[in-house]
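Read the structure below first, then the notes.
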Amino acid sequence: QVQLVESGGGLVQTGGSLRLSCAASGGTFRVYGIAWFRQAPGKERDLVAHIMWNNGIPYYVDAVKGRFTISRDSAKNTMDLQMNGLKPEDTAVYYCGGRTRMGAITDPEQYDYWGQGTQVTVSS
């Protein structure tokens, strides 16, 4: 059974950087795409960035374009999110997710695997 484990969250000041990592283990990891979502208190889980597993083509929501970079290492079954220029509105629990089928990349229901989440807090 595939499990995803995130790491790298923490507390940072406005303008700072963090790098989140997500590692898959426990089974054969075959996914169509993987993504980072985030969820702030009282809000829905929203897509931050997505990357196609086979060709590495990324997608970013407008709020993070130019600041965040998603990457993956298909040999190691890992995925990273480099976050620069962090803002207080980036504060949330960040989740990595993997999906095994085509569908709307923004829809959490399309994802089959989820990590436990890692807290990112940006102070002003």
Side-chain angles (χ1 to χ4, degrees):
Q1 184 175 352
V2 172
Q3 291 184 323
L4 300 181
V5 178
E6 301 104 335
S7 60
L11 173 65
V12 66
Q13 292 185 334
T14 296
S17 298
L18 284 173
R19 188 175 184 90
L20 305 183
S21 295
C22 176
S25 63
T28 301
F29 188 63
R30 291 199 182 100
V31 291
Y32 189 73
I34 49 177
W36 288 95
F37 282 73
R38 63 187 179 188
Q39 188 167 19
K43 295 190 175 181
E44 295 184 346
R45 188 172 296 191
D46 293 326
L47 177 71
V48 174
H50 176 277
I51 189 166
M52 296 296 293
W53 190 253
N54 61 341
N55 58 22
I57 295 177
Y59 170 84
Y60 302 96
V61 298
D62 287 345
V64 307
K65 278 181 182 177
R67 299 189 298 126
F68 291 11
T69 302
I70 189 171
S71 61
R72 94 287 184 239
D73 186 329
S74 55
K76 297 180 179 179
N77 287 343
T78 58
M79 171 178 64
D80 289 341
L81 184 69
Q82 177 65 42
M83 304 186 296
N84 299 327
L86 283 162
K87 305 175 181 179
E89 51 263 45
D90 294 318
T91 295
V93 177
Y94 283 69
Y95 298 90
C96 63
R99 60 192 185 103
T100 61
R101 58 193 183 277
M102 294 179 65
I105 63 173
T106 57
D107 183 2
E109 297 293 326
Q110 298 297 320
Y111 289 76
D112 305 284
Y113 308 123
W114 288 102
Q116 81 286 355
T118 185
Q119 177 70 47
V120 171
T121 303
V122 185
S123 63
S124 57

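Computed over heavy atoms, backbone and side chain alike; hydrogens, waters and symmetry mates excluded.
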Non-hydrogen atoms of [X] and [Y] that approach each other most closely:
X: Asn77; Y: Trp53; result: OD1-CZ2, 3.5 Å
X: Ala49; Y: Tyr60; result: CB-CD2, 3.7 Å
X: Arg72; Y: Met52; result: NE-O, 3.7 Å
X: Pro88; Y: Ser124; result: CG-CB, 3.9 Å

Is the shortest heavy-atom distance from the side chain of [X] to the side chain of [Y] under 4.5 Å?
X: Phe68; Y: Leu86; answer: yes
X: Val61; Y: Arg38; answer: no
X: Tyr59; Y: Ile70; answer: no
X: Glu6; Y: Tyr94; answer: no

Legend entry - Hphob cluster co-occupancy, Val5 + Ile51, side-chain heavy atoms under 4.5 angstrom: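 Unlinked, Val5 and Ile51 end up in two clusters.
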Inset, instruction - Go through the side-chain N and O atoms of Gln82 and Asp80 and say whether any donor and acceptor fall under 3.5 Å apart. - result: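 Short answer, no.
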Inset, instruction - Would you mind telling me which of Val120, Val12, Val122, Thr69 makes a side chain to side chain contact (heavy atoms under 4.5 Å, CB included) with Met83? - result: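 With Met83 as partner, side chain to side chain contact (heavy atoms under 4.5 Å, CB included) holds for just one option, Val120.
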Legend entry - Listed partners of Ala35 passing side chain to side chain contact (heavy atoms under 4.5 Å, CB included), at least two apart: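 Result, side chain to side chain contact (heavy atoms under 4.5 Å, CB included) vs Ala35: Phe37, Leu47, His50, Tyr111.
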Only pairs under 3.5 Å count here: list side-chain donor-acceptor contacts from residues 22-34, not counting sequence neighbours, and write none if there are none.
none

Inset, instruction - Check whether more than 12 heavy atoms from other residues, nucleotides or ligands sit under 6.0 Å from atom CD of Gln119, and answer yes or no. - result: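 Yes - once you tally the heavy atoms of other residues, nucleotides and ligands closer than 6.0 Å, there are more than 12.
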Inset, instruction - With sequence neighbours excluded, give me every salt bridge (Lys or Arg N to Asp or Glu O under 4.0 Å) pair touching residues 51-70. - result: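 Salt bridge (Lys or Arg N to Asp or Glu O under 4.0 Å) check on residues 51-70 returns Asp62-Lys65, Arg67-Asp90.
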Inset, instruction - Using atom types as modelled and distance alone, determine if a side-chain donor or acceptor of Gln110 lies under 3.5 Å from a backbone N or O of Arg99. - result: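 Not at all, since once roles are kept as given, no pair shorter than 3.5 Å links the two residues.
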